Amino acid sequence: MSTWIGFILYMIGLFGYNSTVRRLGVSPYLSWITSMLVQILLLYVFAMMRYLDLGIQLITYLGIVLAILWFILSITRKSQLKFEGIHLFDFWMIGLGIATGNVLWNSPLVHYDNFSHWAVMVKFMTFTGHLPGAADKLISFTSYPPATALFITQFVHWVGFSDGSMLVAQFILIWGAAYSIFAGLRDRSRALTSFILCFTLAISFVFNVAIRLNNLLVDYVLPIITIAALVGIFIYRKKPILLCAHVSLFIATLLLVKNSATFFVIMIAVYFLYILITNNKWRWQCIFTIPLQFIISIGIGIVPFLWWSWHVKHTFPISKHQISTQAYSKQLNGESHRALLKIAHKFIEQITSFNSLSTKGILLINIVLIIAWIFVKFYQHQHNNLLGMAILLDIVFIIYYISLFGMYILSMPYAEAILLDGFERYMASTVILNLFIAAICLVRVIDRQQFEQNFQKRNTQSFKSAFTKNIYQVTTLVVAFFAITMMYSEITGTKFTNEMNHNTLPLQMKRISKPWNHLNHRKVLIVDPEVVDVNDYYAGYVGRYYYFTDKAVGQENFMMTPKQFKQAIEQYQYVAIPESHQTFTVLTKKVFHQHVVTGLFKVTKNGLVRIH
């Protein structure tokens, strides 16, 4: 099946789910991400029952049938959706979304974690049609929930498996969630507030620079789905059934994205409880209805994760990164007080450093909110909640700092913890989330400062004076320019990164052989002259992913006798040499009388046979 035909089928299916949830009351700005999350949970059920391939087809075909049904009913005028209109942010999202998707389609996977888990998980499910079991040694991090991998697997099932197709799939999920922020606008026809949110979306990728979009890691997925969840709670605050269903759906999916999503789920739960309390007409029944709504919604949302935890416990005897209080206790008892103090000192040093990107983000959020609060409070003489929001977000940052520090001392070995391994990556998630929360609050306050508060009467004449109109127009143009420029910068930055990575191990592998897509147990030796790649298991993980075997091993050191070399090589069935290794070439000449530089070779009794 060609890529384009598969892509069209997938998109028609997505349109079908989108049309369905909209008719059930879901906001058009939340309908895309809601449709995707519904499909993820359906895929999850099929995957847990070991019918993943069947599930992918049934779920997509159901979407296609729904799309056709709603199309026919719309033509016959029996069930039409209200047209929301086309706004400036729609053009920004579509134009720059297509441009970003095009770059990602041509991007390779390079980051370590793609090969240690995220990409290899998608490849495994794509070509085996099921979740890994205890016998499938290819997957190392067996406790990692499969939500994003399931979504990506469904997409690549239709368009074809490649680095680019996986990246585009994850970007579709991110972009669908990002579209939800525009539901927070009071008046979507206002260019200034729309472009402020577009600019915020573009800036968010600056804080995601440690990962970028050309990786399958979920550090950006977590906050963008969380902000969609929070926006939905606000939008549906007067619709209790839809509100509860929305909360359950988003909590269920977030917990299936990554174990560390707990922090974001707690934020959603707290805000959900706040909305339940503040948006109910207080009668005596509320004493029972509010706790009941809260417990049932959160409870339903947790069930899929509990199922996953049960699955991990009963499928894998030992699982990496599995949540375990016993393991935490053992880790804490093993650390000396001096080691803990060193980690704490390093941690405080990092969060107070102006060189820290996350610290800059926190300062940016506070400065913008406080300045805006001062302006509106003392110049416009209007009450606003921006100062309170700044304080609330700072409390969130402090709690996240504490939880992050806890992770370093409880979950990480001292060698990694003292280096604060992945600090900026982990902090990026909460900075991005709070950045969106701040921006949505800001644009709502800005909208309330408009001279004309009746949306129907707003036009080019509805300004207090010609001066304020000029300020509005100039500000809009400036913000629009930076919104486009910053997003274009992310696109060009991704292109530049791809060019800089042209000689990395994964791309060298592509130059010497085609990938294997049939799960196997062949012993493959990856000859890599880079000591670091071998010592941190990067070469081995890339080999496991590329040749789809659980027995790929990287090796750099070949300082041995010809006899030892021959014995070492004969332990393997294949030898991959992505980059010339001088010692290996010399020994091959001595032992097998062959001049070998790079390539994929089969090991035989008579030497190495090149595979083309």
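Computed from a prediction, not measured in an experiment: that's the story for all the values here. Along the sequence shown, the residues carry numbers beginning at 1.
By the 30° and 60° cut-offs, the orientation of the rings of Phe272 relative to Phe294 is parallel. Aromatic ring orientation, Phe316 versus His311: perpendicular (interplanar angle above 60°, classes split at 30° and 60°). Between Phe264 and Tyr400, the ring planes lie tilted relative to each other; the angle falls in the 30° to 60° range.
Side-chain atoms of Arg212 do not come within 3.5 Å of backbone N or O of Asn208 as any donor-acceptor pair. Here the side chain of Thr262 pairs a donor or acceptor atom with the backbone of Asn259 at under 3.5 angstrom.
Geometrically, Arg237 engages Phe234 in a cation-pi contact defined by less than 6.0 Å to the ring centre and at most 45° from the axis.
Within a 6.0 Å sphere centred on CG of Leu519, heavy atoms belonging to other residues, nucleotides or ligands number more than 12. For Phe482, the CZ atom sits in a loose shell: 12 or fewer heavy atoms of surrounding residues, nucleotides or ligands are nearer than 6.0 Å.
We find that Asp163 and Lys510 are joined by a salt bridge, their nearest charged nitrogen and carboxylate oxygen being less than 4.0 Å apart. Using a cut-off of 4.0 Å between Lys/Arg side-chain N and Asp/Glu carboxylate O, Asp113 and Arg425 are scored as salt-bridged. In this structure, Asp447 does not pair ionically with Arg444, as no charged nitrogen and carboxylate oxygen lie closer than 4.0 Å.
Taking the six-membered ring for Trp and the full ring otherwise, the centers of Trp310 and His314 sit less than 6.0 Å from each other. Side-chain rings of Trp158 and Tyr61 approach one another, their centers coming within less than 6.0 Å.
Residues Tyr29 and Leu185 are not in side-chain contact: their nearest non-hydrogen atoms beyond the backbone lie 4.5 Å or more apart.
Judged by distance alone, the side chains of Asn18 and Ser31 do bring a donor and an acceptor atom under 3.5 Å apart. Side-chain polar atoms of Tyr220 and Ser204 form a donor-acceptor pair below 3.5 angstrom. Using modelled atom types and a 3.5 Å distance limit, the side chains of Ser165 and Trp105 yield no donor-acceptor pair.
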